[in-house]
Protein chains: 2
Amino acid sequence: MKPVITIHDIAKKAKVSLATVSLVLNRKGRISEKTQERVRKAVREMNYSPNYSGRILRRKCSQQIALLYYPRASAIFNNPFYSKIIEGLLERLSQNKYNIVLGNCDLSEESFTIPDYLQNGSVDALILTGDLPEKAALHFSDLRIPILLLDSFSKHLAADSLTSDGFQGVMDSIDHLVSLGHRHIAYVTHELDLYNVQTRINGFKAAIQKNSLPLLGCPLIRMPVGKNVEWLAQEVLKATRSKAPITAFVAVNDTIAFWVSHFLQKEAIQLPRFLSFIGFDDDEEYSQRDIPMTTISVPKREIGIRAAEIILTRISNSDLPLQKVVIPVSLVRRNSTVVVK
Amino acid sequence: MKPVITIHDIAKKAKVSLATVSLVLNRKGRISEKTQERVRKAVREMNYSPNYSGRILRRKCSQQIALLYYPRASAIFNNPFYSKIIEGLLERLSQNKYNIVLGNCDLSEESFTIPDYLQNGSVDALILTGDLPEKAALHFSDLRIPILLLDSFSKHLAADSLTSDGFQGVMDSIDHLVSLGHRHIAYVTHELDLYNVQTRINGFKAAIQKNSLPLLGCPLIRMPVGKNVEWLAQEVLKATRSKAPITAFVAVNDTIAFWVSHFLQKEAIQLPRFLSFIGFDDDEEYSQRDIPMTTISVPKREIGIRAAEIILTRISNSDLPLQKVVIPVSLVRRNSTVVVK
DNA sequence: TTGTATGCGTTATCAT
DNA sequence: ATGATAACGCATACAA
């Protein structure tokens, strides 16, 4: 094993003091050009890189940010939606020489305890993401580092928040369907106490009012715990045969929209002729399948970049008031929505 | 901001010295039960967690491992194959209180330089993964931390290696096809200088020999740089119309197998009746689409766990000889392979 | 069994 | 413009 090079070695080699080396490397103080060059030369030749632990011990900042995905960190690797977000996030963070730390932290566990790495100074901030229930977020209310709720929000947790505009997205969806002549539209969602779900449902209700749609023809179909998407599809099917039969549905996300449509097709329902539908997120994975789906496009990469900027700002300035940033979304029309029959 | 609790505060509160607190927390030395309990109580009450930087400065080990995915770290989030591997990896690492560090490090860049966080002691080891070309791996030959090549191998880099058994996998694929009566089988792959590709091609050649298949009827179809999968599909199509027409193809992975089959179906080729095919990896994403695919199943989660164990062992014992671990794979028969017509 | 003292590698303050 | 020195928080060799 090669010996570890320290700032002492550089100082000796460049025939200056520790302080000078440090000043050169951190671009502080006015060191003469000649000395600077001598130091830099030594650094280059010995391939010196300032020791991480020594540095963060002094600076009190680790240049690392923890990323927690609900429910388990590792699940984030399988999610096309977050994948794009994290691409932007990581790129922007690394511009400021920040890295992401991934630890296993099962937020769904009953006996949840904060892991050490979130409170021993090894990370400067925490990004919480995934479909994060309010209850899970509250675990972190005593943390001493700033928190960013990425794609969620909590009234009770002092944290910045960055979400896409679910309210507007659903409003736009309904408006689009109404413009195609639909008046009976269901909203289809999973049954979870999530900020995003609530916001989108609010958008649904507001859109019903705005367009004066009949309440009876616009059911809210929620999936109870223990049921699966097949059950949901059955409920949608029932709604097409009710007294005020629906002619379209809007789903809380592309995944649910796709799988409901999938099961309906298995039941020999003609889509979209018999039933128009709209998703949310614009995940390639689902929205580009056999029936290219009309959906709400979310600027994922930009969200990641914005998230990085919010958390970096917060780290360098903890006094700023908490932010709640909402990113605009836009409807992408494809083939799953047609003029009402 | 609440004050930061240090070992001094605990010592004072428990009325012992710093050393005693440290000894209790690290389970060293024989401290009396009574003292231990006093210390633990103070730790609990003050919610103390030993400062990360102080600790790693002394211990000279950061309990962190860098994960680099080729070509860019962020791309790993979109890969169903690695997603499962990392699930196992992260779980096993965190049992030993190790976290994963993700930095942006574009290995495909011309002017590649090793980022600081790989050589300043902020990580104890490096895991290189993705379809890593030999050339890219060599960038790291001067690193002072141990390296694990996950799903790749290099003769020229001193690193442990963990791969799945591509040779055996392709042998099994061909054997299976032969048992169904196929004698003209193409091997379809991308044109990259990858260890996995080479190994699998070797398996293909060995299987041809072993089964005495006609060389002319068993073309190796490689995708040159600049061409896409559609081009590849066209080449496969040509091979079905050659003098020794193929009746099956084996692809280097599920992705390519799926997309080639997809394009062939668009050309109105009846699959698998007209052409059997086999993938590699058993990614749900692709292998469970419209034609459930016969493929080589790779124990991804176990590979992740094994990777964690190899790297943890290496960290704690750098003298061990380098390991090259090969994980067995198994053929899963589904519907894409049928008896030759 | 417990306490004292030192050093890990860095940055920053204060002299010179 | 540069150097000496004191922290930062912890672990450990050694002393008591």
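Note on naming: letters A, B, ... go to the chains in the order of the sequence lines (proteins, then strands), and numbering restarts at 1 for each one.
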* Length of the CD1-C1' vector between B:I31 and D:dA11, whole Å -> 13 Å
* Asked: Can you tell me if A:N26 and A:R59 form a side-chain donor-acceptor pair at under 3.5 Å?
  -> yes
* Asked: Between A:K34 (NZ) and D:dT2 (C1'), how many Å, whole number?
  -> 14 Å
* Would you indicate what A:T35 reaches in the nucleic acid, counting non-hydrogen atoms under 4.0 angstrom: base, sugar-phosphate, or nothing? => sugar-phosphate
* **Sugar-phosphate only, base, or nothing, as touched by A:T6 at under 4.0 Å among non-hydrogen atoms** => sugar-phosphate
* To do: Select base, sugar-phosphate, or nothing to describe what A:H8 touches, counting heavy atoms under 4.0 Å on all strands.
  => base
* Would you please say whether a donor-acceptor pair under 3.5 Å links the side chains of A:D151 and A:N196? => yes
* Asked: A:E33 CD to D:dT2 P: how many Å, rounded?
  -> 11 Å
* Measure the distance from CZ on B:R27 to P on D:dA11 and round it to the nearest whole Å. => 13 Å
* To do: Mind calculating the distance between CG (A:N51) and C1' (D:dC8) to the nearest angstrom?
  => 13 Å
* Pair of N/O donor and acceptor under 3.5 Å linking D:dA7 base with A:R58 side chain -> yes
* To do: Using a cut-off of 6.0 Å, state whether more than 12 heavy atoms not belonging to A:K84 lie near its atom NZ.
  => no
* Structure fact -> Comparing B:S17 with B:K60, nearest DNA chain C nucleotide closer to 5' gives the residue B:S17
* Can you tell me how far P of C:dC8 sits from CD1 of A:I56, to the nearest Å? -> 18 Å
* Start at the 5' end of DNA chain C and walk down; is the nucleotide closest to B:L57 or to B:L18 reached first? -> B:L18
* To do: Could you check which of C:dT11, C:dG3, D:dA11 has an atom nearest any side-chain atom of B:R59?
  => D:dA11
* To do: Look at the side chain of A:R55 and the base of C:dT10, then say whether one donor and one acceptor between them are separated by less than 3.5 Å.
  => no
* Structure fact -> B:L23 atom CG is separated from C:dT4 atom P, nearest whole Å, by 13 Å
* From the options D:dT2, D:dT12, C:dT10, select the nucleotide whose nearest atom is closest to the side chain of B:A19. => D:dT12
* Structure fact -> One should read off an interatomic distance between A:R92 CZ and A:R306 CZ, to the nearest 0.5 angstrom, of 11.5 Å
* **Between CZ on residue B:R72 and OG on residue A:S94, distance to nearest 0.5 Å** => 11.0 Å
* Think A:S53 has a side-chain N or O under 4.0 angstrom from the OP1 or OP2 of C:dT10? -> no
* Starting at CG of A:N26 and ending at P of C:dG9, how long is that distance when rounded to a whole Å? -> 17 Å
* Would you say A:S32 reaches D:dA1's phosphate, i.e. side-chain N/O to OP1/OP2 under 4.0 Å? -> no
* Distance test, side-chain N/O of B:Y48 to OP1/OP2 of D:dC10, below 4.0 Å -> yes
